[in-house]
Amino acid sequence: MFDQMKQLKQLAGMLGNAGELKAKFEAVQADLEQKVVEADAGAGAVRVTVNGKLQVVGVTLDPAMVAALVGTGDDADRGMVEELIASATNAALTQAQEMVRDEMMSITGGLDMQGLPGLDKLMGG
């Protein structure tokens with residue numbers, strides 16, 4: 001209960017400086033566009049890169065690894081490669097979401113504002 005009261009006090013202080021907070025959010029958004037995370041699957045056979053806007057900006061398939069994985073090239077092999085792509089993409093998106101959350105918490109003094117009504121408008125979304 002006391003933690004919630006502390007967070008409400010922090011939020012009230014931040015709302016008093018809404019213009020400054022909006023400028024910080026905009027700066028973080030621009031910074032996050034430049035930051036990327038990578039995740040792989042299949043021991044590096046598939047590598048996916050995602051930026052801080054949660055956009056997939058690259059998919060790399062290691063030819064030797066993929067050739068070893070697909071073998072005959074039948075539907076089961078293709079399905080395995082598709083699963084690896086999905087797995088690497090999901091892992092990269094999770095890492096990017098954590099990166100975004102950490103960046104937002106750094107400008108809110110550790111206050112986790114996920115799900116706060118109106119935050120998307122403040123952030124330009």
How far does [atom1] of [X] sit from [atom2] of [Y], to the nearest 0.5 angstrom?
{"X": "Lys35", "Y": "Lys53", "atom1": "NZ", "atom2": "NZ", "value": "15.5 Å"}
{"X": "Leu32", "Y": "Gln29", "atom1": "CG", "atom2": "CD", "value": "8.0 Å"}
{"X": "Gln95", "Y": "Glu38", "atom1": "CD", "atom2": "CD", "value": "9.0 Å"}

>> Using modelled atom types and a 3.5 Å cut-off, is there a donor and acceptor pairing between side-chain atoms of Ser87 and backbone atoms of Leu84?
In response: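 No, Ser87 side chain to Leu84 backbone: no donor-acceptor pair under 3.5 Å.
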>> Donor-acceptor pair, distance only, cut-off 3.5 Å: does the side chain of Thr94 make one with the backbone of Asn90?
In response: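 Between the backbone of Asn90 and the side chain of Thr94 there is a qualifying donor-acceptor contact (under 3.5 Å).
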Minimum heavy-atom separation for [X] to [Y], with atom names?
{"X": "Ala88", "Y": "Ala39", "result": "O-CB, 3.6 Å"}
{"X": "Val28", "Y": "Glu103", "result": "CG1-CB, 3.8 Å"}
{"X": "Leu54", "Y": "Leu93", "result": "O-CD2, 3.9 Å"}
{"X": "Glu33", "Y": "Asn51", "result": "O-CB, 3.9 Å"}

> Could you go step by step and tell me if Leu61 and Ile85 meet the side chain to side chain contact (heavy atoms under 4.5 Å, CB included) rule?
Replying inline: CA-CA 9 Å; Leu61 302 176; Ile85 292 170; 4.3 Å; yes
> Which is it for Gln97 and Val50 under the side chain to side chain contact (heavy atoms under 4.5 Å, CB included) test, yes or no, and what are the steps along the way?
Replying inline: CA-CA 10 Å; Gln97 288 169 334; Val50 173; over 6 Å; no
> If Ile, Leu, Val, Met, Phe, Trp and Tyr residues are connected whenever their side-chain heavy atoms lie under 4.5 Å apart, and connections chain through other members, are Val37 and Val100 in the same group?
Replying inline: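 Looking at the clustering, Val100 is in the same group as Val37.
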> According to a 4.5 Å side-chain heavy-atom criterion applied to Ile, Leu, Val, Met, Phe, Trp and Tyr, with indirect links allowed, do Val46 and Val36 form part of one hydrophobic cluster?
Replying inline: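 Shared cluster, no.
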